[in-house]
2 protein chains.
Amino acid sequence: MSESERKRRSSKSRQVKAPTIADVAALAGVSIMTVSRVINSEPKVRQSTRETVMAAIARLNYAPNRAARSLAGASQLRLGLLYSNPSEAFLSAFVVGSLEEAGRSDVQIVIQKVEDGEDVCLAVERMVAGGVHGVILPPPLNEANDVLAVLREANVPTVAVTTAVPHAGIATIMIDDRSAAREMTAHLIGLGHRRIGFILGHPALSASGARLEGYRAALAEAGIPFDEALVAQGYFTYRSGLDAAERLLSFEDRPSAIFASNDDMAAAAVAIAHRRGLDVPRDLTVCGFDDVALATTIWPELTTIQQPIVEMSRRAVELLVTMLRNKREDEIGDQRIALEYKLVRRQSDAAPRLSSR
Amino acid sequence: MSESERKRRSSKSRQVKAPTIADVAALAGVSIMTVSRVINSEPKVRQSTRETVMAAIARLNYAPNRAARSLAGASQLRLGLLYSNPSEAFLSAFVVGSLEEAGRSDVQIVIQKVEDGEDVCLAVERMVAGGVHGVILPPPLNEANDVLAVLREANVPTVAVTTAVPHAGIATIMIDDRSAAREMTAHLIGLGHRRIGFILGHPALSASGARLEGYRAALAEAGIPFDEALVAQGYFTYRSGLDAAERLLSFEDRPSAIFASNDDMAAAAVAIAHRRGLDVPRDLTVCGFDDVALATTIWPELTTIQQPIVEMSRRAVELLVTMLRNKREDEIGDQRIALEYKLVRRQSDAAPRLSSR
DNA sequence: TCGGCGAATGTTAGCGGTATCGATAAGCCG
DNA sequence: CGGCTTATCGATACCGCTAACATTCGCCGA
């Protein structure tokens, strides 16, 4: 790691030039075209070759030159990212993921917010008129039927993120919400909890329903009867979590654990618990869903389901780009990509102090 | 404006391609090089020729292709963005800004995280070896002296963001922390508060010192004596805010307001207040600094100083690009750019209930 | 055994600019 | 009026990558 590199450097004063596709090709012992194919994940490359090239890429720390790429390639793609007012924490992770992938695949991302009062469909139409080639929809727009309708009519390939029950013709990136909620609930039951409160998510989103299903499934498996009183409506906002937690904790026989449908609401539950003099997790276990930054900001840090948000939006862009570049827009609607979630255990859960069995 | 254009269009279905430098050259009856010279306002072009070309450019509504330009010109710029473990909310805003600007100015951003145990200097060296042309440093690395030293030695232009007291030879993007803290403190005083607690930021960062100075200045201006007991050490984390707020609120004669050096710690102060049965803002005013997402997530939403994080990182990239493209690396170190902050008032402040004058 | 055929890989021609250097015309001197 | 410098301008070689076409190779059926 010195002779050759040093030579290269000294050749032209100190200018270290970035490695090019040719360098990679030389190192891997293939032609530049093959490297190009690997980079763009085109299908016609033997697995072994692909790996060799990948290794060379990693070794040189090579990144394709965007300028050259867009100059040589077809006209640059533009993707629209339309959002309304989700959890800010969620959104920023989401934006980071799509922007990263956008950089990698050299597409433009047009980010547009739909203001609260505004007509959603108008915003979509504006975007379509602006000539975007595809659209990405984070929650809650991922299931706004009017938006989807406009998009479908305009024949704009669309990918919705975090939709638990996919719509026909709309590609979807998701995790298995039901199974994740089931796992978390089972975890709580395993800890010894029997009265487990549940804070619902926004009723318009299918993920909310899926999470509730998972909660019920785990209860059923453990032979614990479902108690409607332990389920409180929430809307994915901190504020709504405050109200829901207040309700759940005001019962005579309050739950020993609360499972909120997202972290914002879980954080709210922690706040309410503290306000009532309850220690988390000693007196009350609280866990969330999503694992946004907030989960590790507050104290105690939340036990939660880690949803790979950055990865999900990255994949959304990637999917759109692949389809658009390969001119297979027709196929796009049928894609269903489910990513892995993970239960991450932190400090907000514990065994119940007073068993209420 | 019709015959030739129409022909061009109809030749290939409906594809309207953007005019190229060659089109301009043909229309103006000169060579493409001359057009290039006019575009770049190089001196060696006769005035009359220049005008002819300009006219052609205007007529075709020509704009140079950025990709082609940067491809042909100097090698593409690569900027490194090195971070360790700041507030996640801060980081994502930061990344968004730099990525956005990167797309606009057609440079690559190499993002790298320095893991906790890892040797920071090693990470810097790796990045430099990777051939980045400039480096951007968000907090807390913006004032890590060892990092700065390595960078300076390697002669890599660097811009630090949020440094209140600039280092020689390192460009800086900042806001006037002192003045912002002064304004916020004055605001609290204006509300009627006299005993105002202050939670310090991390002692290694100059912004912390500047904010304290601002606090003291406002106190002095109002003729309120500075009370050391009202200042608690924090480290910009939620956790440290918890301890600091606990200290401040345990006094007999507790402050009627707490001004925390960032939002994370302010949120912690709110949590502690609630745990002690104090209503915010009725019993205690709390305000923060930065205006990250957390500030509007919690309840009550925080009154805080809005620091334009996205804009700051955007400017950092822009500054680096300008300097690097103009080959004036020597000048880079002397830049000091201060952006505007804004005091945004939300629900966490109010006049004190029991005057403690 | 051999043509044929599909999969994997290589070759070549640009994409739209800029850098370099050569060409041309004009200006200047003795 | 010839030679030489100067101010303008033009021809051409890339920049790093991809599209389109060419090539190679292994394997199959006749």
Side-chain angles (χ1 to χ4, degrees), chain A residues 12 15-53 56-57 60 62-77 103-107 321-322 324-327, chain B residues 8 12 15 17-54 56-57 60-78 105-108 131 325-327:
Chain A
K12 191 68 174 185
Q15 276 296 25
V16 193
K17 302 236 306 172
T20 76
I21 197 172
D23 298 327
V24 178
L27 190 91
V30 298
S31 79
I32 57 170
M33 240 354 263
T34 303
V35 178
S36 172
R37 291 196 178 98
V38 171
I39 295 169
N40 298 305
S41 53
E42 284 175 32
K44 301 306 179 62
V45 180
R46 197 184 309 155
Q47 188 55 29
S48 62
T49 313
R50 186 184 302 275
E51 275 158 19
T52 313
V53 174
I57 290 177
L60 292 179
Y62 165 80
N65 180 317
R66 289 207 269 146
R69 191 183 252 189
S70 78
L71 179 55
S75 63
Q76 194 180 30
L77 288 180
R104 222 190 308 279
S105 8
D106 195 36
V107 295
V321 169
T322 308
L324 254 13
R325 290 242 163 95
N326 297 354
K327 275 115 187 161
Chain B
R8 221 176 125 228
K12 191 68 175 183
Q15 274 297 26
K17 302 238 306 174
T20 77
I21 196 173
D23 298 327
V24 178
L27 190 94
V30 298
S31 81
I32 59 171
M33 248 344 274
T34 303
V35 177
S36 174
R37 290 196 178 97
V38 170
I39 295 167
N40 297 304
S41 52
E42 282 174 34
K44 302 306 180 57
V45 179
R46 196 183 308 154
Q47 187 55 30
S48 61
T49 314
R50 185 183 303 277
E51 275 159 19
T52 314
V53 174
M54 294 285 241
I57 289 178
L60 291 180
N61 205 340
Y62 165 79
N65 179 318
R66 278 231 307 276
R69 190 182 251 186
S70 79
L71 177 56
S75 61
Q76 191 184 30
L77 289 181
R78 256 162 316 136
S105 15
D106 199 31
V107 296
Q108 269 180 46
R325 289 247 161 92
N326 298 353
K327 274 117 187 161

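Bear in mind the structure is a predicted one, so any value in this text is a computation, not a measurement. Residue numbers start from 1 in every chain, and the chains themselves are labelled A, B, ... in the order their sequence lines are given, proteins ahead of strands. The basis for the numbers below is simple: all heavy atoms, side chains too, and nothing from hydrogens, waters or symmetry mates.
Over its full length, the helix from C:dT1-D:dA30 to C:dG30-D:dC1 turns its helical axis through 50°, comparing axes from the five pairs at each end and rounding to 10°.
Taking atom CD1 of B:Ile21 as the reference point, atom C1' of C:dT18 lies 8 Å away to the nearest angstrom. A:Ile39 places its CD1 atom 15 Å from the C1' atom of D:dA19, with the value rounded to the nearest Å. Between B:Glu51 atom CD and D:dC9 atom P there is a gap of 12 Å when expressed in whole angstrom units.
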Scan nucleotides 4-11 of chain C against the protein and return all N/O pairs shorter than 3.5 Å with their distances rounded to 0.1 Å.
residue	atom	partner	partner atom	Å
C:dT9	OP1	A:Thr49	OG1	2.5
C:dT9	OP2	A:Arg46	N	3.0
C:dG10	OP2	A:Ser31	N	2.8
C:dG10	OP2	A:Ser31	OG	2.8
C:dG10	OP2	A:Thr34	OG1	2.6
C:dG10	O6	A:Arg37	NH2	2.7

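Annotation: side-chain contact (heavy atoms from CB on, under 4.5 Å) contacts of A:Ala56 (sequence neighbours excluded): A:Val24, A:Leu27, A:Ala28. For the side-chain contact (heavy atoms from CB on, under 4.5 Å) test, residues two or more places apart in sequence or in another chain that qualify with A:Arg50 are A:Val38, A:Val45, A:Gln47, A:Met54. Among residues two or more places apart in sequence or in another chain, the side-chain contact (heavy atoms from CB on, under 4.5 Å) test is passed with A:Ile21 by A:Ile32, A:Val35, A:Ser36, A:Ile39, A:Tyr62.
Distances shown here put every side-chain N or O of B:Ser36 at or beyond 4.0 Å from the OP1 or OP2 atom of C:dG17.
Contact of the B:Thr52 side chain with the B:Val30 side chain is not registered, since no non-hydrogen atoms from C-beta on lie closer than 4.5 Å.
Here the closest non-hydrogen pair linking B:Lys44 and B:Arg37 is O-CD, 4.5 Å.
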